[in-house]
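Below is one structure, written out as structure tokens, with a few remarks after it.
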Amino acid sequence: MTTGSRTPWRQPLALVGAAFVVLWVLVAVLAPVLAPYGPLDQIADKLLEPSAQHLFGTDQLGRDVLSRVIYGAQVSLPLAFLLVALSAVIGSVVGAVAGFFGGWVDGTLMRLADLVFAFPGIILAMAVAAALGPELRNAVLAVVVVSWPSYARLVRGLVMSARNSEYVAAGRLLGSSSVRTMIVDLRPNVAGPVLVMAALDVGNAVLLLSGLSFLGLGAQPPMAEWGSMVVSGMDYFDLWWLWLYPGLSILTVVLAFNFVGDTLRDALDPRTARAIRG
Amino acid sequence: MSVLLEATGVAVEYHRQGAAPLRAVDHADLTLARGEILGLVGESGCGKSTLGRAVVGLQRTAAGEIRFDGRPVAPLGLRRRPAGMRGLQMVFQDPYASLNPRRLVGDQVGDGYLLGGTTKAEARRRAGELLERVGLPADAVRRYPHEFSGGQRQRIAIARTLAAEPSCIIADEPISALDASAQASVANLLVELVRELDMGMVFISHDLSVVRQIADRTAVMYLGRVVEVGPTRQVWSEPAHPYTKALISAVPRADGGGVLPVELPGDVPDPSRPPGGCRFHPRCPVALPSCAENDPPLTILRDGRSAACVLAK
Amino acid sequence: MTVGTLLEVEDLTVWLATRNGPRKAVDGLSFRVDAGEVFGIAGESGSGKTMTAMALLGLLPHAARTGGRAVFEGRDLLAMRPRELRDVRGRSIAMVSQDPSTSLHPMLSIETQVTEHMRHHLGIGRSEARGRAVELLSTVRIPDPERALKAHPAQFSGGMRQRIAIAVALACEPRLLLADEPTTALDVTVQAGILRLLDRLRRERDLAVVVITHDLGVMSAVADRICVMYGGRTAEIGPRETVLTHPRHPYTRGLLDALPHPEGGAATLRPIPGSPPSLGGVPEGCPFHPRCAFAVDSCRAERPDPAPVGSGHRVACPPDPLGGTA
Ligand SMILES: Nc1ncnc2c1ncn2[C@@H]1O[C@H](COP(=O)(O)OP(=O)(O)OP(=O)(O)O)[C@@H](O)[C@H]1O
Ligand SMILES: Nc1ncnc2c1ncn2[C@@H]1O[C@H](COP(=O)(O)OP(=O)(O)O)[C@@H](O)[C@H]1O
Ligand code: SF4
Ligand code: SF4
Ligand SMILES: [Mg+2]
Ligand SMILES: [Mg+2]
């Protein structure tokens, strides 16, 4: 009863989401064990239909699609996590500093954030790809550059409203320094929403990275990356197993993180955490 | 009695974009002794909260001086408050806004101890004791503010200030947001604590009857200024300032008599454009022609009373 | 019905939908209001005062149900179709709520708000409505009414806004005004003005007013008769002076004792122990028994109904522990 944070997980969608997140993380970690073949091994005839031997069939180079999908989790998930973590940390720090100090500090940082935010992500990624070469790492960089401002805005707003709150005033009167106030009093109010945004963002990041690969700006063949697998599969539209399985992987990851994010939102708010249980 | 808190000629200005600064408090004076409860009353917007916040250092002053325990109170900056100032605490009006919704009650109450240099475990333990002292179950430490009613939250907020071992509490409308029965019990708690711990308290309220019941002295504010101060009993029985008189006769009594309270016509003037002369003259029922010209200062009368009116003797 | 009775409420019950099913917010309330009378409903927050008013106006929250009767000028308000009710609400019964900033539309001019209902319900023209609006505003003592008509609510102080809200409520010359905590948000000085205004309106216009407030001082100033509610039920009902000077219900006594003493004196206040029940948490038997110093066994078992103890004075407390005290 103290936190109630466990109870919202009883809702079916939340359970399904959490199950899929766990599943995919396990798949990524255990890929070498789970995958029947290596991701790049050309072990069979080309374009075989799914069969007992090759559950998801084989692709145009005779590679096992199931193995590639499994290894794909090793590419997409860590990158998505990294990307989100970087954006969240950079954005939170910038937002917290802007919100807490206000004045010209706030003005400068937020103008910068607006500037970057106004830039379409895909275009920036194209520019980065043009400048540094079309590589997955560069795509990540480009996405981080455009995605931190959302965190900065979120955190700035939260910090600003909390900073003027009476409980922060009360803490200051008790002798809390402004830095301690920021950590002790503001952190719990900021951490939850940031975590929720991040959870929702992991799904988006997977989608965005796949999208960039789809456009040829991210992962390059022969890498087993879901987005690029979908693209090359699209060339053989009739051979559904080529694009359907990587596509489904993207879909389930995106949905799973969205469900988890929504549930976290409720679970982290002490007020709704209890209401959900009733 | 020794003077605990002294504010002289305090002015506070709010700066608004594209408008002249608004002087919410203009040359207000207050003194508070140890063991004393000073009631601060006045109409909404007259500057009670602003003065209260300025006194503890939450609001920068434009003029005047505030001394607590002989030392000047500096406005809070980015640094931590000097240890000597921890004795000066504030209880806020809205117990929903003054507690962090996402921190455990025990952590918030224990903060005062923790910042005073005790260990975490010790702070937690003593927080439990304080919560019991203010009439809450000991297991309140492990709960969140939203699990408590308004009255209970206000007790939590009071407990939090006690952890700093204050000698002076500024209570800004601490019971206005509460239900009638909770009002009485929270007011009682505050009075009890002041007496027991020999603190001083400024009790800000727009409810005159509560102030009359609990305050040793009463200060009446009008449009940013203290216009009358004195021992509560005398201020009520023979108010020296016409505004005090008007305030008192506007309070309806629950005596079943069917007596309509007396109306004070007119509205509180806009504090950004206070009237010249005596600030009360446009509404004053006994104003003299000279009142439109001369602004009477707060003048000492007798028996520890002061008033700012030419007619006050 | 007595001659001059305007509203007769009998056994009014309001069920509100909660997560645990319907719960009674008002439970078997009966009272009558005469023309030109100020009737007061008092009680702590959550006692069902607002829900009573909302039931009479047909403005209950979604999925609420009502029982009993509320006969206003010969017709049962609770049995009316929404259209009829809307008509009655605009014309014969008006409402003033606690917060004048929510009852007035911030973007519309005062003129629009005062004349809108007049033109709709009374079918009068623009210039006639305007003339009446000026009259109304001066009735509620708004200085320079002509200019006030052009202004917007934000340009007035809280007290002035509440006066304007009353003017809007009076626009169609209602017979009954329901005022829910009309002065709670206001300063005492301003409150005094509003109370005087209500009193004048009832004398000059024969307007019946139901004043809902938790402030017994306000009750004492304006009400002719008072109903004290607790847990959705009537604890005590009777003439103002009787109820406030010789209360027979321990709850009324407790409310009065909790007030600061008018002559100062006693150093502390005397709160009623415990807190009022929440919706659905009203205990068996007498709803007040967990907090009552006089409770006996029967109080826990039987739910008392208000029974007459004197002329026009009914009390829901069979043990009557205060009966002997004068
Ligand atoms: N942050 C602010 N910015 C600008 N003006 C302000 C601000 N806070 C208060 N004021 C103005 O300062 C004046 C005094 O306000 P203050 O809150 O001190 O009044 P108060 O006496 O505490 O009133 P209440 O009884 O309503 O709490 C008012 O005119 C108010 O509108
Ligand atoms: N919209 C609503 N939905 C559910 N319960 C409500 C609603 N409004 C009020 N209540 C509950 O109904 C009871 C009576 O409320 P109300 O009539 O507003 O009390 P009062 O006006 O006396 O303070 C309370 O327990 C309150 O919590
Ligand atoms: S100085 Fe004049 S206007 Fe001011 S309060 Fe006294 S009599 Fe009234
Ligand atoms: S009925 Fe019993 S419990 Fe209820 S008020 Fe009377 S004495 Fe108290
Ligand atoms: Mg205030
Ligand atoms: Mg109400």
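Below, chain A is the first sequence line, B the second, and so on; all start at residue 1.
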Which heavy atom in C:Asp187 sits nearest to a heavy atom in B:Gly42, and how many Å separate them? OD1-O, 4.4 Å

Is it the backbone or the side chain of B:Val259 that comes under 4.5 Å from a heavy atom of chain C, or both, or neither? backbone

Which pair of non-hydrogen atoms, one from C:Ala221 and one from B:Leu260, has the smallest distance, and what is that distance? O-CD2, 3.7 Å

C:Ala258 and B:Ala184 have their tightest heavy-atom pair at O-CB, 4.2 Å

Above 12 or not: heavy atoms from other molecules or residues under 6.0 Å from CZ of B:Arg133? yes

Closest non-hydrogen atom pair, B:Pro252 against C:Gly217: CB-O, 3.3 Å

Heaviest contributor of heavy-atom pairs below 4.5 Å to chain B, chosen from C:Leu244, C:Leu256, C:Leu255, is C:Leu244

For C:Pro276, is it the side chain, the backbone, both or neither that has a heavy atom under 4.5 Å from a heavy atom of chain B? side chain

In terms of heavy-atom pairs under 4.5 Å, which option from C:His214, C:Arg240, C:Glu241 contacts chain B the most? C:Arg240

Looking only at heavy atoms, which two atoms of C:Ala192 and B:Glu263 are closest? And how far apart? CB-CA, 3.9 Å

Within residues 196-210 of chain C, which residues come under 4.5 Å of chain B, heavy atom to heavy atom? C:Arg196, C:Asp199

So how far is it from B:Glu43 CD to C:Leu186 CG, rounded to the nearest 0.5 Å? 11.0 Å

Examine distances only and state if a side-chain atom of C:Thr189 and a backbone atom of B:Leu247 form a donor-acceptor pair shorter than 3.5 Å. no

Does C:Arg147 CZ have over 12 foreign heavy atoms under 6.0 Å away? no

Find out whether B:Pro261 and C:Leu195 are in side-chain contact, i.e. whether some heavy atom of one side chain is under 4.5 Å from a heavy atom of the other. yes

Does B:Leu208 form a side chain to side chain contact (heavy atoms under 4.5 Å, CB included) with C:Val188? I'd like the steps, not just the answer. CA-CA 9 Å; B:Leu208 281 83; C:Val188 278; 4.0 Å; yes

